[in-house]
Amino acid sequence: LDAAPFLANTDISSPDDGGTTLGRVTRTPDQRLIIVALAEDLLRRGNRGSGTIPASSAAAERLGWTITKFNRKLDNVCEKFSKLGVRGLIAENGRPASNRKARLVEYCLASRVITRTDLAWLDSAAPSWS
C-alpha cells in the first residue's frame, strides 16, 4: 500500500529457533509513563467499547508534569517510534502530526508495547491526588 501504517524495519534479526523478530524498542521510564497515560482509558476498558485519549493537559496532570515537560517527552517518544518506521507521528514537514497521540496509542496497543499490566506501574509512578 502507498500509505501503509508501518515502514519496513531494517534492524531485523533471526534467532536460532527460526523465528524472526524486529529490532528492540527501548524506552525510558518517562516514555513508558507517557504512553500508558495516553492509553489508560483504553487499557482499563479492555475490549468493552471505544475509549478516549486524554487531552495533553489532562495527561500531564495525571503524571504530575507541566504541559511543557509533557509535550517535550511526547515529541521525543514520537520521534523514536517514527525512526523505527511507525507512520503518522511526524508530518511530512517534520512537525508533529495532528493525530499523533491517537496513532502512538494505536501502534503501542497493537504491537503490545504496552499492556494492561502496565497500569499498575502508572498507578505507582504517578502522583496520588487524595
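Here the closest non-hydrogen pair linking Leu89 and Cys78 is CD1-O, 3.6 Å. The two residues Leu43 and Thr115 come nearest to each other via the heavy atoms CD2-C, 3.7 Å. Of all non-hydrogen atoms in Leu74 and Ile34, the two that sit nearest each other are N-CD1, 3.5 Å. Residue Arg45 comes nearest to Arg116 through the heavy atom pair C-NH1, 4.2 Å, listed as atom of the first residue, atom of the second, then distance. Closest approach of Ala37 and Pro54 over heavy atoms only: O-CG, 3.8 Å. Minimum interatomic distance between Ala39 and Val105 (heavy atoms only, all atoms of both residues): CB-CG1, 3.8 Å.
Put simply, the side chain of Asp41 does not reach to within 4.5 Å of the side chain of Ile53, judged on heavy atoms. Contact of the Asp30 side chain with the Trp65 side chain is registered, since non-hydrogen atoms from C-beta on lie closer than 4.5 Å. Side chains of Arg62 and Leu122 form a contact here, defined as non-hydrogen atoms less than 4.5 Å apart. Taking 4.5 Å as the limit, some side-chain heavy atom of Cys108 sits within range of a side-chain heavy atom of Phe81.
The NZ atom of Lys101 sits 9.5 Å away from atom CG of Asn99, with the distance rounded to the nearest 0.5 Å. Atom CZ of residue Arg103 and atom CD of residue Glu106 lie 4.5 Å apart, to the nearest 0.5 angstrom.
Judged purely by distance below 3.5 Å, without hydrogens or angles, the side chains of Thr68 and Thr66 never pair a donor atom with an acceptor atom. Using a 3.5 Å distance cut-off with no hydrogens or angles, the side chains of Lys73 and Gln31 do not pair a donor with an acceptor.
Salt-bridge check for Arg100 with Asp75: passed, with a basic side-chain N closer than 4.0 Å to an acidic carboxylate O.
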